[in-house]
Structure formats: C-alpha cells, structure tokens
Protein chains: 2
Amino acid sequence: MFAQTAIPIPATPSHFQDPDVRDLLAQSQPGTVSYYPADAMIYAQGDDTGPLYLVEFGTVRICQMTADGRRQITSFCYAGDVFGLEPGEEHECCAESVDGAGIRMLRPANSAGFAQKLLGFALRHFARMQSHLVLLGRLSANEKMASFLCDLLDRQDTGDTVVLPMQRSDIADYLGITFETVSRVLRVLKDRGIIRVTALDRIEILDPGALRTLSD
Amino acid sequence: MFAQTAIPIPATPSHFQDPDVRDLLAQSQPGTVSYYPADAMIYAQGDDTGPLYLVEFGTVRICQMTADGRRQITSFCYAGDVFGLEPGEEHECCAESVDGAGIRMLRPANSAGFAQKLLGFALRHFARMQSHLVLLGRLSANEKMASFLCDLLDRQDTGDTVVLPMQRSDIADYLGITFETVSRVLRVLKDRGIIRVTALDRIEILDPGALRTLSD
DNA sequence: CGACCAATTGAATTGATTCAAGGTCCGTGG
DNA sequence: CCACGGACCTTGAATCAATTCAATTGGTCG
C-alpha cells in the first residue's frame with residue numbers, strides 16, 4: 001500500500017521447470033513482472049486477498065507481527081515459489097521483498113481444476129510449516145541454524161556454498177532467536193570447522209554431514 | 001498400526017452444524033465411527049495417506065518427533081475438526097487419541113468439487129499454524145499459556161470455564177516448553193487472579209480481559 | 001575519507017530447564 | 001471403607017541457554 005515502489009518490467013515468459021508451476025500459470029491470467037526493491041511491501045496485513053504471487057527472481061519474506069511489534073517470519077519464498085494463498089478476505093500476514101524481487105501476479109481462474117492445483121501447493125507449503133513448527137518449538141539455537149542452512153543448501157544448486165539473501169535480523173526472526181544469537185551460532189559452526197563465512201552473505205559448507213547431524 | 005484398540009461403534013449421523021463439514025460428508029463416503037481409547041494411535045508416521053478423519057467426540061493430537069525423541073504437537077483436534085490431510089504418499093506426523101476419541105473415516109470422492117472443499121479446510125488450518133508459528137517463535141511461556149487458554153475459551157462454549165482434555169506434558173509439547181513450566185505458569189496466572197484451577201482438567205477464567213492482553 | 005548501517009563480540013542478566021523431592025488424585029484390592 | 005501403589009502434577013534449587021545492553025569492528029556508498 002505505502003512504500004510500494006514497484007517498477008513494471010517487460011513481461012517475460014516464466015522459465016520454471018516445475019510442472020506444477022507451469023500448470024498454475026496455464027490456468028490463471030498471469031500478469032507482468034513487477035520489481036520490488038529491498039524492503040518494499042508487496043502486500044500488507046489487512047489488504048484484500050485474491051491474487052497469487054509467483055517469485056520470478058529474488059527473495060520474499062512473509063511476516064506476522066505481535067501487537068507489541070515483535071516479528072515472526074513464517075517463510076521465505078525464493079524463485080519459483082508461490083505465495084499469497086490465505087483464507088479469508090484479508091491478509092493476516094504481510095509480504096515484503098528482501099533483496100529486490102521480481103514478482104508475477106496471478107489472477108486465479110475460478111475453475112475447479114485450479115482449486116486442485118492450489119490444494120497441491122497448499123499441502124506442500126503445509127509440510128514446510130509443519131517442520132518449521134518443530135524447529136521453533138523443539139530445537140536449540142545451534143540446531144535451528146544448522147537446519148536453516150541445510151534447507152538452503154538443498155534448495156540452491158550452488159554446490160557447497162550457500163547464499164544468504166537476507167540479513168541476520170531476518171534469519172533471527174525466522175528462527176525465533178535474536179540476531180546476536182545468529183552471529184554467535186555462526187561463530188560456533190565456524191569454530192567447529194563445519195562452515196566458512198566467505199562473505200557476509202555467502203557461507204561455504206565444509207562438512208555437510210556434520211551440519212545435517214546437528215540439524216537433526 | 002500397533003496398539004490400535006479401535007472399537008467399532010454403530011454409525012450415527014453426524015450432528016455438526018458447520019456447513020463445510022456437512023458438505024464434506026456429503027461429498028465423501030463416510031465410514032462408521034471408531035473409538036480410540038486414550039493414547040491409542042490413529043495413524044503413525046510413515047503410514048499411507050489417503051483417508052481423512054473427522055473427530056466426532058474427544059480430542060486428537062497431531063505429533064511430530066525429532067530424531068532423538070523430542071516431540072512437538074502441531075495441533076489438537078476437537079469435535080468437528082478434520083485431520084489427516086497431508087502432501088505425499090506417507091504421513092509425516094502421527095495422530096493419537098488424547099482422551100478417548102470417536103473418529104469417522106472419510107474416503108474422499110475424487111471430484112473437483114471435493115478439492116475445492118479440501119482447499120478451504122487446508123487454508124483454515126493454515127491460518128491456525130501461522131499463529132502457532134508466532135506463538136512458538138516469539139511469545140514467552142506466560143504468553144503462550146494465555147494464548148492457549150484463550151483459544152480453548154473461544155472454541156468451547158462452556159461459559160467462563162475451560163476444560164483441558166490433555167495432560168500437562170501434552171500442553172507443554174504443544175507450546176514448546178516443559179511440563180514443569182506449564183505448572184509454574186498456571187501458578188503465576190492463579191496468583192495474579194486471572195484463573196482458578198477448579199480441577200486438574202478444569203480452569204475457570206476469572207479475568208478474560210487480562211488473559212487476552214497477556215496472550216499478545 | 002567520513003558517515004552510516006550491519007554484524008560481531010563481550011559481560012551481565014534472565015527466563016526457562018534440569019534434576020530432585022514432595023504432593024495429589026484415583027483406581028484396585030484387601 | 002480404607003490402605004496401597006502408581007501416574008500425574010506441583011514446587012524448589014541449581015544450572016544453563018539465550019537475551020539484553022553496550023561497545024567495537026567491518027563493509028558500503030556518497
């Protein structure tokens with residue numbers, strides 16, 4: 001609503017292999033890709049629900065706030081991910097660009113086949129949230145970080161290096177810890193020889209096995 | 001699969017007002033009601049997915065375990081709730097009866113309209129998980145308990161009294177704390193005059209306003 | 001180069017856990 | 001009917017993981 005500095009970008013065909021995404025695109029009226037600079041709001045809490053959003057490039061965070069301003073990031077969405085699916089007329093969460101993201105809006109066709117597709121997406125998202133619940137409720141800070149890094153490692157195909165498009169406070173609010181703890185945990189993993197921080201936003205996984213063991 | 005002491009009970013018509021549940025029943029092949037005594041497993045992690053389950057009476061807990069045996073209860077299901085919806089061929093979580101529960105199995109019709117109904121259920125469940133994420137990641141033990149009690153108060157229509165069908169360790173594993181902390185938090189709420197514990201499984205809410213304020 | 005924001009590190013504090021000791025509830029059997 | 005046993009719950013004391021607050025370092029951009 002406010003601070004939306006969306007710069008339209010010429011429509012380009014989506015290049016995703018994921019057959020489910022292709023189907024979804026085929027069964028909806030895909031719009032053009034809009035560019036949202038870092039920290040720009042895509043939709044706010046209270047905005048009308050309706051359209052879905054496909055991440056073409058970049059990263060998006062889905063946030064929910066408590067009354068007194070604490071933030072929980074419920075998920076990060078990367079290229080190929082779909083977000084914006086929520087019950088009710090109004091969004092409960094807000095979506096923000098993390099690092100400059102290209103977003104394609106999808107106006108859902110109101111067909112039954114579309115619901116079937118959406119159900120698939122919802123269920124997949126479901127499984128993610130399920131394990132996020134375990135992470136938040138039952139893992140230590142070290143385990144949370146290890147689990148997060150493993151997740152990124154699996155999703156990115158950048159070899160043994162993980163790219164962190166978000167800053168420490170985002171990671172903290174995703175993992176339910178403070179950003180200082182994120183720093184300290186990274187140091188622990190470094191000292192144990194499990195990772196190497198090659199840049200602020202780049203981590204080399206030296207011992208994936210150890211990381212997975214830790215992540216539980 | 002093991003320890004399943006399900007005792008068939010004569011089929012009785014579902015008495016739920018919820019139009020969505022009625023629709024779901026109409027569009028599936030509802031089975032008879034089975035009784036699962038306390039702590040009986042309804043399905044285990046790894047069991048085949050497929051049927052849905054409707055809680056006719058009693059309470060069900062959906063659990064996920066870490067490799068080393070820590071447990072996170074991802075949701076409690078009460079009369080009228082539907083569970084068992086998961087992506088993939090196998091269940092990631094297990095479902096157990098908490099206090100002796102009557103469960104009706106629903107074999108989904110493979111119609112498109114059915115997917116639409118399921119999508120609705122999935123999205124509603126979704127919103128619940130979303131706020132559970134905030135609870136686990138960003139609330140203090142006191143706030144978690146207050147939030148839990150508010151939720152029960154809203155769901156049950158037993159006036160200002162809340163019934164706890166589950167034991168302390170279940171609450172603990174749902175809130176991401178220990179059962180000792182559950183006890184201590186209840187004591188704090190008692191000392192502040194917000195609640196009164198009239199029985200082990202019965203809590204009178206003396207000051208709902210204070211509870212809601214606390215809950216976030 | 002200087003200014004600013006992000007990230008790291010340190011020290012003190014705290015909220016929650018762990019471990020251990022009672023207490024309460026409830027069913028069972030004498 | 002009451003004593004006993006076991007499971008659950010409560011409470012206390014010590015410990016610990018993570019937070020808070022504060023200072024410093026590092027990186028980036030005009």
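What's counted below: heavy atoms across the whole structure, side chains too, no hydrogens, waters or symmetry copies. In what follows, chains are A, B, ... by sequence order, proteins preceding strands, each numbered from 1.
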Peer 1: So, OP1 or OP2 of C:dG15: does either fall under 4.0 Å of a side-chain N or O from B:S140?
Peer 2: no

Peer 1: Closest nucleotide of DNA chain C for A:S183 versus for A:R138: which of these residues is on the 5' side?
Peer 2: A:S183

Peer 1: Tell me, yes or no, whether the heavy-atom count around B:R107 atom CZ, taken from other residues, nucleotides or ligands under 6.0 Å, exceeds 12.
Peer 2: no

Peer 1: Let me confirm one number: the CG-CZ distance from A:D99 to A:F57, rounded to the nearest 0.5 Å.
Peer 2: 9.5 Å

Peer 1: Rounded to the Å, how far apart are A:L175 CG and D:dT19 P?
Peer 2: 11 Å

Peer 1: Write down the atom of A:C63, the atom of A:C93, and the distance for their closest heavy-atom approach.
Peer 2: O-CB, 3.1 Å

Peer 1: Measure the distance from CG on A:L200 to P on C:dT8 and round it to the nearest whole Å.
Peer 2: 6 Å

Peer 1: Between A:K190 (NZ) and C:dA7 (P), how many Å, whole number?
Peer 2: 13 Å

Peer 1: In whole Å, what is the span from the CG atom of B:L136 to the P atom of D:dA18?
Peer 2: 15 Å

Peer 1: B:T178 side chain N/O closer than 4.0 Å to the phosphate oxygens (OP1, OP2) of C:dT17?
Peer 2: yes

Peer 1: Return the value, rounded to whole Å, for the distance between atom CG of B:D170 and atom P of D:dC8.
Peer 2: 10 Å

Peer 1: For the base of C:dC5, is there a side-chain donor-acceptor partner from A:Q167 under 3.5 Å away?
Peer 2: no

Peer 1: For a quick check, tell me whether the side chain of A:R184 and the base of D:dT20 share a donor-acceptor pair closer than 3.5 Å.
Peer 2: yes

Peer 1: With nearest nucleotides of DNA chain D determined for B:V197 and A:F179 from heavy-atom distances, which residue corresponds to the more 5′ nucleotide?
Peer 2: B:V197

Peer 1: Using the side-chain heavy atoms of A:A141, tell me which of these nucleotides is nearest: D:dA18, D:dT11, C:dA16.
Peer 2: D:dA18

Peer 1: Which whole-number value in Å describes the distance from A:D191 CG to C:dT8 P?
Peer 2: 13 Å

Peer 1: Can you check side-chain contact (heavy atoms from CB on, under 4.5 Å) on B:M145 and B:S215, steps first, answer last?
Peer 2: CA-CA 8 Å; B:M145 194 69 209; B:S215 80; over 6 Å; no

Peer 1: Return the value, rounded to whole Å, for the distance between atom CG of A:L164 and atom P of C:dA6.
Peer 2: 16 Å

Peer 1: In whole angstrom, what separates A:E180's CD from C:dC5's P?
Peer 2: 18 Å

Peer 1: Give, for atom OG of B:S131 and atom CD of A:Q64, the distance between the pair rounded to the nearest 0.5 Å.
Peer 2: 6.5 Å

Peer 1: When all nucleic acid strands are considered with a 4.0 Å heavy-atom cut-off, which category describes A:L186: base, sugar-phosphate, or nothing?
Peer 2: nothing

